[in-house]
Each structure stands twice: as C-alpha cells, then as structure tokens.
Amino acid sequence: MEGVDHLAHERNKSEFDVDAMKIVWAGSPHAFDVSDRISKLVASDPGFRKDNRSTLSRKELFKNTLRKAAYAWKTIVDLRLSEEEAAKLRFYVDEPAFTDLHWGMFIPAIKGQGTEEQQQKWLPLAYKMQIIGCYAQTELGHGSNVQGLETTATFDSQTDEFIIHSPTLTSSKWWPGGLGKVATHAIAYARLIVGGREHGVHGFIVQLRSLEDHSPLLGITVGDIGMKFGNGAYNTMDNGVLQFDHVLDVYSIAFASIAVMLWVSQVTCEGKYKQSDVPRQLVYGTMVYVRQTIVADASCALSRAVCIATRYSAVRRQFGSQNGGPETQVIDYKTQQSRLFPLLASAYAFRFIGEWLKWLYADVTQRLQANDFSTLPEAHACTAGLKSLTTTATADGIEECRKLCGGHGYLCSSGLPELFAVYVPACTYEGDNTVLLLQVARFLMKTVSQLGSRLSSKKPVGTIAYMTRVEHLMQCRCGVQRGFAELSADLVEAAVAHCQLIVVSKFIEKLQQEIPGKGVKQQLEVLCNIYALFLLHKHQGDFLSTGCITPKHAALANDELRSLYSQVRPNAIALVDAFNYTDHYLGSILGCYDGNVYPKLYEAAWKDPLNESVVPDGYHLYIRPLLKQEIRTARL
Ligand SMILES: CCCCCCCCCC/C=C\CCCCCC(=O)SCCNC(=O)CCNC(=O)[C@H](O)C(C)(C)COP(=O)(O)OP(=O)(O)OC[C@H]1O[C@@H](n2cnc3c(N)ncnc32)[C@H](O)[C@@H]1OP(=O)(O)O
Ligand SMILES: Cc1cc2nc3c(=O)[nH]c(=O)nc-3n(C[C@H](O)[C@H](O)[C@H](O)COP(=O)(O)OP(=O)(O)OC[C@H]3O[C@@H](n4cnc5c(N)ncnc54)[C@H](O)[C@@H]3O)c2cc1C
C-alpha cells in the first residue's frame with residue numbers, strides 16, 4: 001500500500017544515529033545540506049524525469065539529453081546556484097552528457113595548464129557556457145599510449161599560428177565525449193613541431209564549430225562514433241570522431257606565442273621552443289585530476305547499487321516458512337550476507353579514500369604552484385592505482401548486486417542494468433585499468449627499498465599485514481632477474497595489493513578522527529573490519545606466504561567475518577539509508593525507500609509500450625498465418 005513503510009521494521013532495528021551517519025557520508029553538515037536540498041529539487045521537477053529513457057530511440061534520447069542539459073543550466077541560472085550546488089544538480093540529474101566533459105575536463109585543463117592570459121580569455125566564456133568544450137586526446141589508433149598520438153601542431157612563425165593536422169586515419173580523434181554533436185571547442189592534444197623539430201605531445205585549444213550556426217569550421221570533419229554498450233546508458237553522450245585538415249589555430253593551451261608560459265613550455269615570437277624546467281608530465285595533469293574524481297564517482301555508483309540490493313534483500317522472502325508463517329528474508333541467508341556486506345563496506349571505504357585523494361590532489365597542486373614536484377610521482381601512482389582498484393571493484397560490485405536481486409534485478413525498472421551499462425566504461429576511460437596498474441608497479445619498483453622502512457613505523461596490526469604482503473609480493477618479483485615486461489602480470493598483482501593497503505590504512509585513519517553520533521563510529525569500525533578481513537580472506541594465499549599470518553589466523557579471520565556480518569545485519573537498511581538517495585536518483589523499484597516493491601513492479605510492467613495493445617503489432621502478419629497453417633507433415 002502506498003504511504004506504508006514496508007521497511008519500518010528494519011529501520012527500527014538500527015543501533016546508530018542515521019542522521020549523524022548521513023553527515024559522515026556527505027562529508028560535512030554543509031555538504032549534506034547541499035546534497036539533500038539539490039537532490040530533492042531535482043527529484044521534484046518533472047523536467048528531470050528519467051523513467052522513460054529505455055523506451056526512446058538514440059536520436060530521441062540524445063535530444064532529450066540536450067533538453068535536460070539546457071533545462072539544468074536554466075535552473076542553475078534562475079536559482080543563482082553556486083558552483084557547488086550546480087555540480088550537485090548535474091550529478092543528481094544523472095545522465096552522462098557533454099556537460100560532464102565541459103565541466104569535468106575542458107575547464108580543469110585550462111585552469112591546470114593554461115597561462116593567466118589564456119585563463120582570462122577562455123574561462124569566463126566556458127563558465128557562462130558561451131563556448132562548450134571537450135577533451136580531445138584519444139585517437140582511433142592510440143589511447144593508452146599518449147606519446148604515440150599522431151595529430152600534429154606545426155608552428156608557423158610567419159603567421160604566429162599553429163597548424164593542426166590529422167596526417168593519417170588512425171590520427172583521427174576518436175572517443176572524446178561531447179565532441180560528436182555539441183562541443184564548439186576542444187582541447188586537442190597534438191605533437192608540437194617548431195622549426196622542423198618535434199617536441200612531443202601538447203594541448204591546444206581549437207575551435208571546432210561556428211558559434212553562429214554550429215556548422216563545423218573550415219578543415220574540421222566531426223561526427224558521432226555510433227551506438228555504445230547498452231540501450232539508454234552512455235548513448236546520451238555524443239562521443240565523437242574528429243579530423244583536422246590543416247586547421248589554423250592561434251590558441252595553444254600549452255603555448256602562447258605572444259606570452260611566456262608559466263607551465264609546460266613556450267614558443268617565442270621568433271619561433272624558438274623553450275622547454276621550461278618543469279616535468280613534462282604536467283601535460284598529463286588533467287588526467288590526474290579526473291582520476292581522483294572518478295574514485296569519488298565509484299563510491300557513488302557502488303553505494304547506489306548496494307542500496308538497491310540491500311533494500312530488496314530485506315523485502316524479498318524465499319523458502320523457510322515455518323507452519324505457514326512468513327518465508328525467510330533473503331538478507332538473512334549467510335551466502336547473501338557474504339556477497340552483499342563486503343560491497344556495503346567497500347562503498348564506505350571508497351567514500352573515505354575518495355576524500356583522502358581529494359586532499360592529496362589539492363596538496364600536490366599547491367606544491368606544484370611553488371615549483372615543488374616532489375610528491376608528483378606518488379600522486380600519479382595513487383590516483384592511477386586507486387582509480388583502477390575502485391572502478392574494477394565497483395563495476396564487478398554493480399553486477400553482483402544485480403545477481404543478488406535474482407530475476408527482478410535484470411529488469412530495467414530495477415535500475416541495475418542501466419547503472420552497470422553507464423558505469424563499466426569507467427574501467428577504461430581516463431586510463432585502461434591494467435595500464436594504470438603498470439604505472440603503479442613502476443612506481444613500486446622504484447620505491448620498494450623504502451617499503452621496509454615504512455614497515456617499521458608504528459602502524460596498526462592490520463596495516464602491518466597488508467604492508468608485509470606488498471613487500472613480499474614485490475620482493476618475490478624483484479628478486480627474480482627478469483625484465484619488467486616478463487613480470488608485469490605479477491607486478492600488477494603487487495600494485496593491486498599496494499592500493500588495497502592504501503584503502504585499508506586510510507579507512508583506519510578515518511576512524512581515528514572524531515566521529516560524532518550515537519553508534520556511528522562503532523558501525524564504521526565494523527565496516528572497516530569487514531573490508532579488511534574480506535580482502536584478507538580473498539587473498540589469504542598472499543598473506544599466508546608472507547608468514548605474517550598462520551592458517552589458524554586465516555580461519556579465525558573467517559569466523560570473525562561471519563560475526564561481523566551478524567553485527568551489520570540489523571543495521572543494513574539504516575546504513576544504506578545514510579546515503580540519503582531519493583527514489584528518483586536511485587531509479588529503482590527494487591530499491592524504493594518504502595520497500596513497496598511488488599505493486600510497483602506490476603504497475604510498471606503495464607506501462608511498457610509493448611502493452612499498449614493486447615494483440616501485438618505483427619500478429620496478423622506473422623503469427624496468425626503460423627497458427628492457421630494446415631499441417632501436412634504426417635509426423636506432427
Ligand atoms: C552513479 C553513476 C556514476 C558513474 C559515473 C558516470 C559519469 C558519466 C560521465 C563521465 C564523464 C567523464 C568521465 C569520462 C572521461 C574520460 C576522458 C578520457 O578518457 S581522457 C583520455 C584518458 N587517457 C588516458 O588516461 C591515457 C592513459 N595513458 C597515460 O596516461 C600515459 O600514456 C602513460 C602514463 C600510460 C604512459 O606515459 P608515457 O609518458 O608514455 O610513458 P611513461 O610510463 O614512461 O611515463 C613517463 C614518466 O611520467 C610519469 N607519469 C606518467 N603519467 C603521469 C601523470 N599523469 N602525472 C605525473 N607523472 C606521470 C611516469 O611515472 C614516468 O615517470 P618516471 O619517473 O620516468 O618513471
Ligand atoms: C565511454 C568512454 C569515454 C571516453 N571519453 C574520452 C574523452 O572524453 N576524451 C578522450 O581523449 N578519450 C576518451 N576515451 C578514450 C579512453 O581514454 C581510452 O579508450 C582509454 O584510455 C584506453 O585506451 P585504448 O582505448 O587505447 O585502450 P588500449 O590501450 O588499446 O587497450 C586494449 C588492451 O591493451 C592492453 N594494453 C595496452 N597497453 C598495454 C601495455 N603497455 N601493457 C599491457 N597491456 C597493455 C590494455 O590493458 C587493454 O587490455 C573514452 C573512452 C570511453 C570508453
């Protein structure tokens with residue numbers, strides 16, 4: 001029945017202050033206030049409805065996305081929302097669109113790599129959306145290998161301009177989000193050529209389309225690369241293809257021929273290339289920034305799937321009826337708990353590692369501004385490794401949540417298929433996860449000697465076990481006199497172990513902070529222990545081989561896990577309520593707040609266009625002749 005909370009009995013079991021946990025999850029009272037207010041604003045506005053996406057054609061879907069993006073911008077302007085509120089609004093609209101790349105990459109790239117002069121020119125236009133940008137780095141032939149990009153940018157000292165060109169088919173820009181049909185400008189990455197000499201890959205701001213009639217400019221061939229995985233999902237985004245035919249470009253992002261560059265390099269008016277004394281890797285800076293935001297995205301996506309699966313696991317009953325009594329809630333089965341609760345713990349773990357990574361990025365950015373590059377390698381390794389670890393775990397976790405919901409998890413109305421289809425490219429974009437782990441492995445090879453010293457420092461026992469595992473995995477590999485390439489598969493395992501160590505240790509550090517609210521810290525301690533012991537159980541071979549734990553320890557850890565699952569059980573619904581997601585944002589009948597699932601499933605089925613007629617289109621043409629055919633074959 002509408003209005004009845006079918007999960008009230010579950011919510012009454014909670015042993016902690018849910019409102020206080022909502023603040024912890026949001027990050028602060030202010031952050032909670034903004035999230036709560038904006039999510040409800042979006043949920044209550046029919047202009048942001050999303051329950052019809054699966055019934056739209058690609059063109060209808062895309063046009064609807066443009067409508068929503070424009071409507072969101074009007075809402076932001078009319079309500080004079082702050083940058084923080086506007087970002088939250090775009091988040092809760094929950095639709096991959098060109099705006100993600102405009103705000104998430106184009107603007108950060110100019111802020112991170114542009115000169116003062118370029119920032120003054122481009123940022124006001126971008127902030128007012130008087131230009132729409134994309135990040136055009138990947139090409140048809142190269143994505144991971146950035147130094148293999150083929151697009152060229154040749155400096156013409158006669159005209160003080162750069163000529164951008166796509167010399168081969170494989171140099172076509174391919175994948176950039178927003179490029180296909182919307183972006184008016186791109187930050188295009190190209191090989192810089194000055195005076196016949198090549199100076200590697202740099203970024204250039206290039207105008208693609210007319211600001212008058214949106215037609216591609218002279219020398220620009222641009223379009224969409226076609227349908228992607230899933231039906232609705234990421235097809236709201238116009239990932240594009242772009243070819244330059246000797247395009248004149250006067251706005252290089254890494255260069256301004258009339259201004260000295262503070263950052264990467266400069267080309268003087270006389271056409272001289274001068275590499276400043278900053279690491280050339282700064283040209284990769286935007287990727288570091290986006291990778292740390294993707295870790296925060298992972299906690300959002302995983303928490304969303306876990307919220308759906310947890311609520312539905314409390315609603316769903318199957319088997320176990322005694323004397324005609326109610327059947328057992330599937331959330332009470334130990335197998336369901338052993339699959340679901342580690343994902344719940346991971347969602348919280350990724351939330352806190354995302355908070356730490358945001359601090360790390362801010363710290364390294366501050367240091368860069370003081371020409372202190374000492375922490376850049378670690379920042380790169382951390383953002384690359386944690387992006388890889390959290391997106392892999394989240395993609396796998398969303399699929400596990402679908403399975404935890406049985407058959408109904410496969411319905412679009414569960415919200416899980418769409419969430420999975422939208423989320424999985426995160427394992428590839430912003431760096432293929434294996435390629436990024438290889439970067440971490442390289443970093444570990446260079447710093448393995450320091451691992452030992454870090455072991456001796458006063459660390460909680462749990463962390464010591466994880467640190468010993470990494471050191472052991474590295475020493476087993478480094479000790480073998482074979483090349484990096486030969487050992488790369490093993491080194492990637494050590495890289496994963498290193499990243500898991502970081503997540504566990506930052507979760508433990510989080511618990512050393514003051515955390516207000518009755519029972520809140522205790523719940524987080526349970527989740528932290530579940531995360532750490534679940535991984536110890538999953539990788540117990542590694543831990544046993546270090547000698548750091550014995551088989552008896554491993555067995556005790558497994559017993560403790562079961563006990564921890566029992567401690568979480570009465571609090572599970574409250575722990576997912578703490579995410580404070582509206583039913584609109586969840587987009588899931590299985591995960592609806594009131595748990596009134598079956599009537600909503602039944603009602604939703606009849607709304608499918610296929611049920612607009614009792615007799616389906618095609619019956620008279622195809623089925624009736626089949627049914628009416630005279631069967632002349634004696635056998636039948
Ligand atoms: C609820 C649902 C939510 C789900 C979210 C839904 C949202 C939907 C909307 C999403 C919107 C946006 C997200 C999507 C955006 C995607 C955008 C992109 O994909 S942009 C393109 C990304 N491309 C890449 O990441 C390419 C990966 N490749 C590389 O980074 C490099 O090629 C490489 C690092 C692999 C290799 O670099 P290279 O220079 O060729 O060689 P080396 O390995 O030798 O490195 C040299 C040296 O540099 C150091 N290094 C490398 N990278 C960095 C860096 N980024 N920062 C600092 N230092 C770096 C490296 O360690 C080496 O150092 P040494 O000291 O020499 O060892
Ligand atoms: C949805 C989506 C949105 C995107 N948006 C953008 C965007 O806005 N802008 C942009 O510039 N790009 C974008 N991209 C492109 C994305 O950044 C690249 O696809 C990504 O960096 C992976 O590169 P690749 O496609 O070349 O993969 P490849 O490197 O070709 O990967 C193929 C396989 O080769 C393996 N491999 C590659 N190199 C090595 C190695 N050295 N050692 C071991 N294994 C290796 C990989 O692990 C993988 O298994 C997007 C991609 C997607 C899917």
Side-chain angles (χ1 to χ4, degrees), residues 90-92 94-106 109 134-149 173-179 183 186-189 200-201 225 228-229 233-240 242 279-291 293-294 296-305 364 368 373 375-381 383-384 387-388 391 394-395 398 415 418-443 445-446 484-485 488-489 492 581 585-587:
R90 284 190 291 269
F91 172 79
Y92 284 115
D94 181 36
E95 190 142 316
F98 64 91
T99 42
D100 295 305
L101 284 306
H102 177 76
W103 296 100
M105 294 202 77
F106 181 75
C134 67
Y135 184 88
Q137 176 177 294
T138 302
E139 296 173 356
L140 188 59
H142 293 93
S144 291
N145 180 7
V146 176
Q147 292 310 316
L149 296 178
K173 290 301 176 185
W174 189 277
W175 271 115
L179 170 66
I187 290 178
Y189 284 81
V201 172
I225 62 173
K228 297 169 286 270
F229 185 99
Y234 218 90
N235 290 298
T236 57
M237 177 81 79
D238 53 327
N239 298 90
L242 163 65
R280 75 168 179 81
Q281 288 85 12
L282 288 184
V283 78
Y284 293 157
T286 307
M287 292 187 279
V288 176
Y289 165 75
V290 177
R291 286 169 191 155
T293 67
I294 288 173
D297 277 349
S299 76
C300 296
L302 184 56
S303 57
R304 204 165 142 183
V364 76
L368 292 179
F373 308 109
T375 58
L376 189 59
E378 183 171 8
H380 165 49
T383 48
K387 180 268 181 189
S388 179
T391 54
T394 297
I398 295 169
E418 171 97 355
L419 178 56
F420 181 77
V422 163
Y423 190 78
V424 287
C427 298
T428 305
Y429 61 54
E430 216 52 68
D432 166 82
N433 280 355
T434 300
V435 168
L436 294 182
L437 287 173
L438 288 165
Q439 287 289 305
V440 179
R442 271 183 63 151
F443 173 76
M445 292 279 280
K446 285 188 282 183
F484 181 91
S488 54
V492 157
Y581 291 145
Y585 176 65
L586 276 184

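As the structure lists them, so they are numbered: ligands from 1, and atoms in each ligand from 1. Not measured: the values here are computed from a predicted model.
With a 4.0 Å heavy-atom cut-off, ligand 1 is reached by the side chain of Tyr423 but not by its N, CA, C or O. With a heavy-atom cut-off of 4.0 Å, Trp175 does not touch ligand 1 at all. No part of Glu95 comes within 4.0 Å of ligand 1, judged by heavy-atom distances. In Asn145, neither the side chain nor the backbone holds a heavy atom less than 4.0 Å from any atom of ligand 2. Of the heavy atoms in Leu179, none comes closer than 4.0 Å to ligand 2. Contact annotation for Gln137 and ligand 1: only side-chain heavy atoms (C-beta onward) come within less than 4.0 Å of the ligand. Under 4.0 Å from ligand 1, the heavy atoms of Tyr585 that appear belong solely to its side chain. The residue Leu438 has no part lying near ligand 1, judged by heavy-atom distances below 4.0 Å. At a 4.0 Å heavy-atom cut-off, ligand 2 does not touch Asn433 at all.
Under the 4.0 angstrom criterion, atom 3 (C) of ligand 2 counts as having a protein heavy-atom contact.
Close N/O approach between Tyr135 and ligand 1 is not found [any backbone or side-chain N/O within under 3.5 Å]. Considering backbone and side-chain atoms together, Ser144 places an N or O closer than 3.5 Å to an N or O of ligand 1. Inclusion of Ala301 in the set of residues having an N or O under 3.5 Å from an N or O of ligand 1 is not warranted.
Residue Thr428 holds the heavy atom nearest to atom 19 (O) of ligand 2 of all those in Thr428, Leu149, Val422. Closest heavy-atom approach to atom 59 (C) of ligand 1 within the set His142, His380, Met445, Met237: this belongs to His380.
Applying the 4.0 Å criterion to heavy atoms of Thr138 picks out, from ligand 2, the atoms 10 (C), 11 (O), 12 (N), 13 (C), 15 (C), 16 (C), 17 (O).
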Side-chain donor-acceptor contacts of residues 423-430 below 3.5 Å, not counting sequence neighbours, with atom names and distances?
none

